[in-house]
Structure formats: C-alpha cells, structure tokens
Protein chains: 2
Amino acid sequence: MSRRGRQAEAARNDLLLLEAAREVFTTQGFDAPVSAIARRAGVGMGSLYRRYRTKEELLQRLCLLAMERVVEVLEEALAAPDPWEGLAGYVRSCVGFRSGALGPVAGTIAVTDEMWRTSRTATGLAERLVARARDAGALRDDVTALDVSLLIEQFSRPAPGPDSDEQRHVRQRLLAIALDGLRAPGATPLPGPAPSATWYEGRWGTPP
Amino acid sequence: MSRRGRQAEAARNDLLLLEAAREVFTTQGFDAPVSAIARRAGVGMGSLYRRYRTKEELLQRLCLLAMERVVEVLEEALAAPDPWEGLAGYVRSCVGFRSGALGPVAGTIAVTDEMWRTSRTATGLAERLVARARDAGALRDDVTALDVSLLIEQFSRPAPGPDSDEQRHVRQRLLAIALDGLRAPGATPLPGPAPSATWYEGRWGTPP
DNA sequence: CCGTTGCGGAGCGCTGCGCTCCGTTATAGG
DNA sequence: CCTATAACGGAGCGCAGCGCTCCGCAACGG
C-alpha cells in the first residue's frame with residue numbers, strides 16, 4: 001500500500017490536504033483562500049496544485065468524499081437496533097463533521113455524475129432511516145427526511161471566527177434541544193407545507 | 001418632522017439605507033460590498049458616504065439599531081400574558097429579522113459605550129423572560145438565557161445565495177421544531193455545562 | 001435666472017486572491 | 001560518495017473586487 005520515502009510523504013500529504021480542506025471550507029466558507037488550506041495542512045502551495053489542478057477540482061473531490069462519508073454514516077444508522085438512536089446518531093455525526101456546510105456550495109462548482117449518484121443514494125437511505133423512526137413512533141409524523149437534512153444543514157452553518165471547543169460544545173447543546181423537538185407526541189404542528197424535493201435538488205443545478 | 005424637497009429625500013434615503021444594510025449584511029455577511037447596500041437601497045455611493053463616513057460607522061449604527069429593536073421585542077414579550085408565548089414570540093421575532101446574524105460581528109468593529117449599555121439591557125430583559133417561562137414550568141429547566149440567545153444566533157446564520165421565500169419558510173419549520181425542544185418535560189438532559197457569560201461577552205472585546 | 005444643495009456613479013489605489021515557477025532538499029542508483 | 005531526479009515550499013505575478021473619493025448634473029429656493 002504505502003511506499004517509502006518521498007512517495008510516502010506524497011500519500012500522507014494528500015490525506016492531510018483533504019482533511020485540512022474540509023476543516024477550512026466548512027468553518028470559513030468556500031471563498032476561503034487556498035493558501036489557508038495549504039498552511040493548515042503544513043504543505044506548500046506547489047504540493048497542493050500538483051494534486052489538484054484547480055480550486056474547483058479540490059472542492060469537487062471534497063464534496064464527493066463528504067457525500068460518501070454521509071452514506072457510510074447512514075448505513076451504520078440503519079444497522080442500529082433502535083430506530084430513534086439510529087436517526088439521532090446520524091444527525092449528530094453529520095453535524096459533527098459539518099456535512100451540511102458543503103451542501104450549499106450550489107452553483108459554485110460543477111456537479112459530476114458520480115456526485116449525483118452518491119447524492120441520490122444518500123437521499124434514499126435517509127428516507128428509509130426517517131421512515132423507520134416514524135413507523136416506530138419515535139419521530140413526530142409531520143417531519144420529512146428533507147426537514148432532517150435541512151436541520152443538519154442549519155446546524156452545520158459556519159460561525160465567524162475560529163471553530164473553538166466552546167462553539168462546538170454550544171452546538172451540541174442546541175442540537176440536543178432540536179433533537180428533542182423532533183421526538184413525537186403532542187408537538188405543535190409544523191407551519192406550512194413540507195419543503196419540496198425539486199427545490200432542494202434545484203440548488204445544485206439541473207440533474208443529468 | 002419631515003421637511004420638503006431634497007431634505008425629505010435625504011431623510012427617506014437614510015431609512016432605505018439602514019434597512020438595505022440590514023438585509024444585505026444579515027444575509028451576505030459583513031464583508032458584503034458597500035456598493036451592494038447602495039444598490040439595494042436605490043441610492044448612490046455619494047449619498048451613502050455623506051451620511052456614514054465609513055463602512056464601520058454604518059455597521060455600528062446598524063448594530064445599535066438592531067439591539068434596540070431586540071430590547072423592544074423583549075419588552076413586548078415580557079408584557080405578554082402567557083410566559084411561554086412571550087418567549088416563543090421573542091425567539092421567532094429575532095430570527096425573523098435575524099438579529100443574531102449581527103451578533104458575531106465581534107472583533108470586526110469597535111464597540112461603543114452605547115452599544116455596551118443596550119447590550120446589557122437586552123441581556124437583563126432576556127434573563128427575566130427566560131426565568132419567567134421556567135418558573136411557569138413552560139421551559140425545560142436546564143436551558144439558560146444564554147442558550148436561547150445562541151439558538152437565535154444559530155438560526156440567524158446566513159445561508160449562501162439569496163434569501164428566498166422558500167428558505168425563510170424552511171427556517172420557520174426548523175425553528176418550530178427547536179422551540180418544541182425547548183418546552184419542558186421528560187427531555188433528555190443537555191450535554192455538558194451551560195455556556196459561560198464571560199465567553200459570550202468576550203467575543204465583543206473587553207467591556208469598558 | 002442663477003446659486004445652492006444634494007444626488008448618482010465612474011474610477012483610483014490597494015488589498016488579497018488563484019495560480020505559476022523556481023531554487024532547494026531529500027531520495028535512488030551507480 | 002556523487003549525480004540525476006523527483007517532490008517540496010513559498011515568493012511573486014496578474015487580476016478581480018473592494019472601500020472610498022470626487023465631480024458633473026439635476027432639482028429646488030429666492
């Protein structure tokens with residue numbers, strides 16, 4: 001797998017780069033300077049641009065990786081014995097690595113076919129996860145899978161300044177509140193119609 | 001009050017400007033170009049810079065106004081007969097005009113004495129409002145006034161792209177979920193310690 | 001009729017970005 | 001041990017887009 005010497009360093013750098021890119025883009029937004037990513041990864045600009053010919057290419061790779069990670073988390077969540085714990089764990093994980101922050105890169109970058117496919121897989125799994133929780137009576141019945149995705153997105157939204165421990169902790173507290181609000185009974189009905197899937201997908205451009 | 005001719009136009013422009021600034025800054029962030037505000041207000045750059053000598057001055061004025069508006073809303077909320085409805089209305093209003101989005105301008109601009117005073121007034125009122133709801137048993141007892149402020153801030157956080165009707169509607173749905181989570185009984189306890197007031201204030205710089 | 005007042009917006013200077021290029025350094029082969 | 005090579009870090013180029021200024025012009029007042 002891993003070779004020696006300079007080539008090993010190259011392989012390591014690639015991982016460092018992707019992780020740094022995730023941290024920087026999800027906490028500072030997509031217009032964060034590429035140099036910030038290189039610095040965070042402890043890597044020169046040269047090494048970065050040898051692997052990704054452009055900033056957009058890096059972003060595409062990153063989005064795809066994030067989507068695949070979401071799919072993984074969804075599969076684990078569906079494997080969980082308790083429907084509610086599965087759903088809650090999924091939401092917490094996604095907010096944890098801020099998958100939602102990469103969602104609305106919409107319009108900024110071109111969407112590859114592979115990204116579309118992975119996105120659809122994720123949507124399908126999320127729908128099953130939500131349906132399972134609702135059928136088990138663990139979830140209020142006026143909330144849709146899309147609502148859950150948008151909740152993740154709202155809680156992934158970056159705050160100004162560095163992402164301190166304090167901020168992460170606050171986010172966990174607030175998320176705990178929101179998750180309690182997702183649980184079932186006696187809740188006040190949600191206002192207006194459920195968000196439409198076409199609007200949600202439309203932000204990414206038109207499907208192929 | 002309002003004079004005639006050119007002077008009336010000047011007065012009108014001032015209101016247009018402040019409203020446009022609020023919309024642009026809260027939806028696009030503080031590094032939005034000043035020209036965007038002028039365009040949104042339907043006003044030339046000259047008129048803007050005649051009233052506010054610098055972008056920072058405009059931001060300061062805007063923050064102060066937002067804080068005063070929050071104080072107004074808090075007073076109305078405290079006057080509401082039902083403690084829970086008062087609190088919920090306050091949160092909905094603040095998220096409605098996105099007062100929280102101006103909060104973390106921290107460090108970007110200098111904080112005037114008047115801003116500090118208004119901020120303290122708001123904090124005091126918010127604490128009373130939250131205490132009243134908790135004493136009435138309408139609010140889970142592990143949530144603090146600071147948690148509520150941070151919840152408003154999280155939901156005020158701007159999404160990329162223009163602030164469409166669809167987005168506003170989604171935000172209302174998600175907020176309804178979170179508000180249900182704030183209500184009392186049988187909720188899972190919030191993780192970790194409550195956020196500290198000194199950390200919260202510290203983001204604005206050191207008090208005078 | 002002209003003086004005055006406030007108007008819009010073109011453009012200046014500059015910051016800070018994406019990206020390139022090159023001198024330097026670590027490794028592999030003879 | 002020495003040289004050829006591969007990958008490295010980061011200074012700097014060209015440019016986009018910002019804050020802000022300045023000026024020609026339109027609308028009023030006397």
Side-chain angles (χ1 to χ4, degrees), chain A residues 2-21 23-25 27-63 105 107-110 158 160-162, chain B residues 1-25 27-63 105 107-110 158 160-162:
Chain A
S2 87
R3 286 165 284 189
R4 283 171 306 165
R6 267 340 238 263
Q7 300 195 344
E9 183 177 3
R12 248 180 297 124
N13 277 351
D14 201 40
L15 291 180
L16 284 174
L17 230 36
L18 283 169
E19 178 56 18
E23 284 180 26
V24 170
F25 281 138
T27 58
Q28 318 210 38
F30 319 104
D31 39 9
V34 176
S35 61
I37 292 160
R39 200 177 329 117
R40 173 76 95 131
V43 150
M45 301 284 290
S47 307
L48 196 160
Y49 274 95
R50 203 169 308 109
R51 261 160 267 292
Y52 303 95
R53 276 170 303 183
T54 161
K55 184 181 185 178
E56 175 169 12
E57 198 173 304
L58 173 59
L59 257 173
Q60 286 176 324
R61 180 99 190 101
L62 193 64
C63 280
V105 78
T108 306
I109 63 172
Chain B
M1 186 72 201
S2 87
R3 286 166 285 189
R4 282 171 308 163
R6 272 330 241 267
Q7 301 196 344
E9 183 177 4
R12 248 180 298 124
N13 277 351
D14 201 38
L15 291 180
L16 285 174
L17 230 35
L18 284 169
E19 179 55 19
R22 195 193 56 79
E23 283 179 28
V24 170
F25 281 137
T27 58
Q28 320 210 39
F30 319 104
D31 39 10
V34 176
S35 61
I37 292 160
R39 201 178 327 116
R40 171 76 93 130
V43 150
M45 300 285 290
S47 307
L48 196 162
Y49 273 95
R50 202 169 309 109
R51 262 161 265 291
Y52 303 96
R53 276 169 303 182
T54 160
K55 184 181 186 179
E56 176 168 13
E57 197 173 306
L58 173 59
L59 259 173
Q60 287 175 324
R61 179 99 190 102
L62 194 63
C63 280
V105 78
T108 307
I109 62 172

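Order of the sequence lines sets the chain letters (A, B, ...), proteins ahead of strands, with each chain counted from 1.
Within the 4.0 angstrom heavy-atom criterion, no nucleotide atom of any strand lies near B:Ala36.
Only A:Met45, A:Gly46, listed by number, bring a heavy atom of residues 40-48 of chain A to less than 4.0 angstrom from any atom of DNA chain C.
Residue A:Ser35 has no polar side-chain atom (N or O) positioned under 4.0 Å from OP1 or OP2 of C:dG18. Note on A:Arg50: every side-chain N or O is 4.0 Å or more away from OP1 and OP2 of D:dA7. Considering only side-chain N and O atoms, A:Arg51 lies nowhere under 4.0 angstrom from the phosphate OP1 or OP2 of C:dC19.
D:dG17 atom C1' lies 12 Å from atom CZ of B:Arg39, rounded to whole Å. In this entry the distance linking OH of A:Tyr52 with C1' of C:dG18 reads 17 Å, nearest Å. For the pair B:Glu56 CD and D:dC18 C1', the computed distance is 16 Å after rounding to whole Å. Remark: P of C:dC17 and CG of B:Asp31 are 11 Å apart, rounded to the nearest angstrom.
Shortest non-hydrogen contact noted between B:Arg51 and B:Glu57 is O-OE2, 4.0 Å.
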Can you give each donor-acceptor pair under 3.5 Å made by side-chain atoms of residues 27-40 of chain B, sequence neighbours left out, with the distance rounded to 0.1 Å?
residue	atom	partner	partner atom	Å
B:Thr27	OG1	B:Glu23	O	2.6
B:Thr27	OG1	B:Val24	O	3.4
B:Arg40	NH1	B:Glu23	OE1	2.4
B:Arg40	NH2	B:Glu23	OE1	3.4

Could you list the protein-to-nucleotides 12-16 of chain C atom pairs, N/O on both sides, closer than 3.5 Å?
none

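Looking at heavy atoms from C-beta onward, A:Leu58 lies in side-chain contact with A:Leu18 at the 4.5 angstrom threshold.
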Derivation and outcome, side chain to side chain contact (heavy atoms under 4.5 Å, CB included), residues A:Tyr52 and A:Asp14
CA-CA 10 Å; A:Tyr52 303 95; A:Asp14 201 40; 3.2 Å; yes
